[in-house]
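Inspection log for the structure reproduced underneath, given as structure tokens.
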Amino acid sequence: MIHVTILASGSSGNAILARAGDSSILIDAGLSAKRLQTLLADLGTPLEKLSAILLTHEHVDHTRGLNGLCVKQQIPVFTNPLTADSLRKNNAHVNWRLFSSGAAFDLGDFQIFPFSVPHDAADPVGFVLRHAASSFAILTDLGHATRQVMNATRGVNAVLLEANHDEVLLQNDQKRPWSVKQRILSRHGHLSNQAAANLIGEIASPDLKHVLLAHLSEDCNAPSLASGTILEKLQATGNGHTQVHCPGAEGFPLPHTITV
Ligand SMILES: [Zn+2]
Ligand SMILES: [Zn+2]
């Protein structure tokens, strides 16, 4: 079994704890080191019990607490060379372990498969984590779903999936300048609810137990809109058995844990 806990999700910070067997892995470290340390300790995983940190990409909402954690405890940090290069300057205390996107590797009791995603970062990846017969995919910060993304995640037991914005709400938003909207909507930006639903339609299977919606925009989305769009697609594709969660929304307080 894999226990997945969403610690934080959204543009203010992203962090996920995955535990299986004797291994505990933090995926992304987008909260302050102090806050992450407290959250992890509350979950029975003090820093000295953390096996590793995995990074999807270098954006600050995924790496804010990285150096601070590594000052407190020497935790190996796994990422690809280009992501590490873009972070080295401001993360002097990090003990880097480099992987290649597209090449699976073992990490304690997990097998990790990092795969490339299209997003405006140096070399962004998603992950599939496997332990025994259980699998969990992390798919946030991507502008569109490539064939490679679908092939990597099809058939998993659970997926953390970006449902960033409702396209109409984003188009009508008064706060964001046109250039920012273009960036979000681009093929290297973020997934809309509809794009997330289309991806789910491609990768859902009888084995898909949970969809955890992530990285929702506060201004240009609503949990009910995102969940509704995904549920509709699941029903339409004969996958009404799959549960949809929206961590951080009403009824799903953070930290939010599922087991697959
Ligand atoms: Zn992000
Ligand atoms: Zn990003």
Side-chain angles (χ1 to χ4, degrees), residues 4-18 26-33 35-36 39 53-67 69 77-91 101 114-127 136-146 148-149 152-153 159-167 169-170 173 175-177 179-193 195-196 199 211-221 223 226 246-249 254-256:
V4 177
T5 303
I6 312 304
L7 304 172
S9 172
S11 55
S12 55
N14 297 276
I16 304 146
L17 177 66
L26 182 68
I27 302 106
D28 288 341
L31 298 175
S32 74
R35 181 83 188 117
L36 282 170
L39 285 168
I53 299 174
L54 293 178
L55 296 180
T56 57
H57 65 301
E58 72 275 18
H59 288 163
V60 69
D61 57 319
H62 298 257
T63 57
R64 187 174 282 114
L66 181 64
N67 201 55
L69 285 181
V77 176
F78 289 76
T79 193
N80 55 35
L82 289 176
T83 303
D85 285 348
S86 66
L87 286 164
R88 270 180 222 280
K89 203 171 137 220
N90 296 321
N91 293 273
S101 303
F115 54 92
S116 292
V117 297
H119 185 57
D120 52 1
D123 193 3
V125 296
F127 292 109
F136 168 62
I138 294 163
L139 210 40
T140 67
D141 295 69
L142 71 164
H144 65 283
T146 61
Q148 191 182 13
V149 165
T153 55
V159 58
L160 179 81
L161 175 65
E162 172 170 62
N164 181 260
H165 56 274
D166 174 88
E167 286 190 27
L169 289 181
L170 180 64
D173 181 58
K175 279 198 216 163
R176 288 166 176 76
S179 58
V180 173
K181 290 185 191 180
Q182 286 310 304
R183 194 214 132 219
I184 295 169
L185 287 167
S186 81
R187 286 173 66 78
H188 290 79
H190 290 276
L191 283 190
S192 68
N193 293 342
L199 173 53
V211 176
L212 298 144
L213 298 179
H215 226 298
L216 269 71
S217 163
E218 281 182 24
D219 300 320
C220 301
N221 209 350
C246 204
L254 292 173
H256 179 73

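Every number for a ligand or one of its atoms is a count from 1 in the order of the listing. What you see below is based on every heavy atom in this structure, not just the backbone, and it leaves out hydrogens, waters and symmetry mates. Treat the numbers as computed from the prediction; the structure is a model and nothing was measured.
- Between Leu55 and Asp28 there is a side-chain heavy-atom pair separated by less than 4.5 Å.
- The shortest side-chain heavy-atom distance between Asn90 and Leu66 does not fall under the 4.5 Å cut-off.
- Put simply, the side chain of His119 does not reach to within 4.5 Å of the side chain of Thr56, judged on heavy atoms.
- One of the N, O or S atoms belonging to His59 lies under 2.8 Å away from the Zn ion (ligand 2).
- Contact of the Asp123 side chain with the Ser116 side chain is registered, since non-hydrogen atoms from C-beta on lie closer than 4.5 Å.
- An angle of 100° is found at the Zn ion (ligand 1) between His62 atom NE2 and Asp61 atom OD2, rounded to 10°.
- At the Zn ion (ligand 2), the vertex angle linking NE2 of His119 with NE2 of His57 is 100° (nearest 10 degrees).
- Among heteroatoms of the N, O or S kind in Asp141, OD2 lies nearest the Zn ion (ligand 2).
- Residue His190: no N/O/S atom is found under 2.8 Å from the Zn ion (ligand 2).
- With no hydrogens or angles considered, no side-chain donor-acceptor pair links His59 and Asn14 at under 3.5 Å.
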